[in-house]
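Remember, it's a predicted structure, so these values are computed and weren't measured experimentally.
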Amino acid sequence: MATTTSVPLMARRPAGARGLVWLVLRQHRTTARLALGLLAALLVELVWLRLAMTGHLDAHPGLRTACATGTGGGDCAAGLAEQGDRFRATYGDYLHYNGLLLQYLPTLTGLFVAGPMVARELENGTHRLVWAQSVTPLRWLVAKLAVPVVAVLAGVSALAAVYTWTWRAAPAALLPGQRWDHSFDMIGPAPVAGALLATALGALAGLLVKRTVPAMGAALVALGAVSWGLAGLRPRLVSPVTELSAEMPGLLRGPEDWVVERGMVTETGARIPEPYCGVGVSPGDCVSQHHAAGWYVDWHPGSHLWPLEWAEAGVGVALAAVFAGAAVWVVRRAHP
């Protein structure tokens with residue numbers, strides 16, 4: 001009677017890097033297929049949205065000039081204002097929700113890496129099967145991270161590029177909710193750097209917690225803390241423009257400008273951000289109350305968008321390298 005011999009999983013494929021990557025892809029092939037389908041659908045939709053918005057603006061040229069800049073006066077109100085409202089109602093939500101998806105995509109990536117990719121294997125003990133095939137824990141970790149890193153660099157980069165191309169078609173004055181300071185995490189290199197950071201942090205959380213759901217929770221809290229810190233650092237990555245005035249400056253400037261901080265400055269140069277003056281107190285009397293010399297406002301013009309984007313992306317990639325290094329250290333320390 002013939003006998004059958006079971007063949008270890010890793011013996012069916014090379015035990016090298018390619019074999020490990022194949023194993024990871026096979027484990028998560030359903031998720032990969034869904035992600036590819038969603039990526040293709042989003043790219044097609046964003047191209048359609050860009051063409052639809054530019055078509056509407058081309059049909060009503062005043063929307064790009066008079067209404068968008070606020071200089072049109074009666075010419076805008078005579079009929080173009082209605083077209084501006086229609087533009088916002090028709091395309092504003094599409095752009096907004098696509099942007100939100102791109103903004104939170106790094107968080108979803110980090111949760112997936114922390115839970116299903118890393119912690120689940122450690123929790124179920126299936127990692128021991130791979131390690132028993134002459135595969136070191138470090139090579140296992142590298143293979144685990146290689147798949148999401150390549151996916152981030154390819155998929156998120158393509159999605160961020162096409163979304164940025166679509167977003168730039170909409171004048172900021174027509175869609176004030178899509179101003180660059182509101183859309184910062186959705187455009188340019190920021191989503192890509194954020195996804196790389198989330199991947200590394202998710203891997204570290206999975207290695208430390210070793211249980212699927214708690215690891216995802218830990219990654220979510222850690223990503224929230226890091227995002228909060230980066231948002232606080234963002235206005236200072238590039239020096240803002242400072243304007244001094246005897247009168248209280250307004251918080252609203254041009255549609256492309258981002259006001260960061262406003263307050264008073266004393267004779268010695270010390271600052272009092274957003275001082276409390278009381279109800280009905282004039283700006284001059286408020287200055288006297290605080291023994292100040294005048295007012296200041298810090299703001300970023302639209303030309304600061306891309307320097308800020310690349311500066312924050314650099315910080316994000318540096319943090320990703322730190323967390324990835326920490327994950328390597330954890331693996332080596334636990335399994336020398």
Side-chain angles (χ1 to χ4, degrees), residues 35-58 63-64 68-69 87-88 90-110 148-199 223 227 230-231 233-235 237-238 254-258 260 299-320:
L36 283 173
L38 179 61
L39 174 63
L42 287 173
L43 291 176
V44 171
E45 186 221 355
L46 286 172
V47 171
W48 165 83
L49 183 58
R50 161 83 186 207
L51 296 176
M53 288 195 300
T54 54
H56 188 108
L57 293 171
D58 290 342
L63 291 176
R64 294 184 185 273
T69 60
F87 182 89
R88 283 185 287 271
T90 305
Y91 306 113
D93 285 345
Y94 283 109
L95 194 61
H96 174 68
Y97 289 117
N98 277 281
L100 285 182
L101 176 62
L102 192 53
Q103 180 178 354
Y104 291 110
L105 185 57
T107 300
L108 295 176
T109 302
V149 165
V150 171
V152 163
L153 292 177
V156 180
S157 295
L159 190 58
V162 176
Y163 179 81
T164 303
W165 175 67
T166 301
W167 170 83
R168 296 181 72 171
L174 285 179
L175 295 177
Q178 302 300 318
R179 288 164 50 99
W180 67 267
D181 51 308
H182 297 162
S183 303
F184 195 91
D185 293 322
M186 310 171 185
I187 57 177
V192 182
L196 289 173
L197 173 58
T199 298
L223 286 170
S227 298
L230 286 175
L233 179 64
R234 179 179 303 161
L237 291 172
V238 174
E256 299 293 334
D257 300 328
W258 173 24
V260 176
W299 57 285
H300 287 289
S303 59
H304 285 191
L305 166 59
W306 298 115
L308 283 169
E309 279 275 346
W310 287 107
E312 185 168 323
V315 174
V317 171
L319 288 175

Is there a side-chain contact between L153 and L196, using heavy atoms and a 4.5 Å cut-off? yes
On a heavy-atom basis, which atom in A195 and which in T109 lie closest, and how many Å separate them? O-CG2, 4.3 Å
How long is the span from the CD atom in E312 to the CG atom in L319, to the nearest 0.5 Å? 10.0 Å
Which atom names give the shortest non-hydrogen contact between G92 and L175, and what distance separates them? CA-CD2, 3.8 Å
Looking at every non-hydrogen atom in both residues, tell me the closest pair between G177 and S183 and how far apart they are. O-OG, 4.4 Å
For F184, does the CZ atom sit with more than 12 other heavy atoms under 6.0 Å from it, leaving out its own atoms? yes
Do L100 and M186 have side chains that approach each other closer than 4.5 Å (heavy atoms only, starting at C-beta)? yes
I'd like to check L230 versus L197 (side-chain heavy atoms, cut-off strictly below 4.5 Å). Are they in contact? yes
Over all heavy atoms of both residues, which pair between A198 and P106 is shortest? Give the atoms and the distance, please. CB-O, 3.0 Å
Out of curiosity, T90 OG1 to M53 CE, how far, rounded to the nearest 0.5 Å? 11.5 Å
Quick one: does E309's side chain get under 4.5 Å of W180's, heavy atoms only? no
Any heavy-atom pair between the side chains of L57 and Y91 that's under 4.5 Å? no
Rounded to the nearest 0.5 Å, what's the gap from CH2 on W167 to CD1 on I187? Could you check? 4.0 Å
Heavy-atom closest pair, residues P191 and A160: CG-CB, 4.1 Å
May I ask you to say whether R234 pairs ionically with D185, meaning some side-chain N is under 4.0 Å from a carboxylate O? yes
Within a strict 4.5 Å, meaning less than it, do heavy atoms of the T166 and N98 side chains meet? no
May I ask you to decide if P235's main-chain N or O and H300's side chain share a donor-acceptor pair within less than 3.5 Å? yes
Return the minimal non-hydrogen interatomic distance between V192 and V152, and the atom names on each side. O-CG1, 3.8 Å
Do T164 side-chain atoms and G188 backbone N/O form a donor-acceptor pair below 3.5 Å? yes
May I ask you to test the L42-L102 pair for a side-chain heavy-atom distance under 4.5 Å? no
CD of E45 to CG of L43, rounded to nearest 0.5 Å, is 10.0 Å
Y163 side chain to L95 backbone, donor-acceptor under 3.5 Å: yes
So R50 and V47, do their side chains get closer than 4.5 Å, heavy atoms only? no
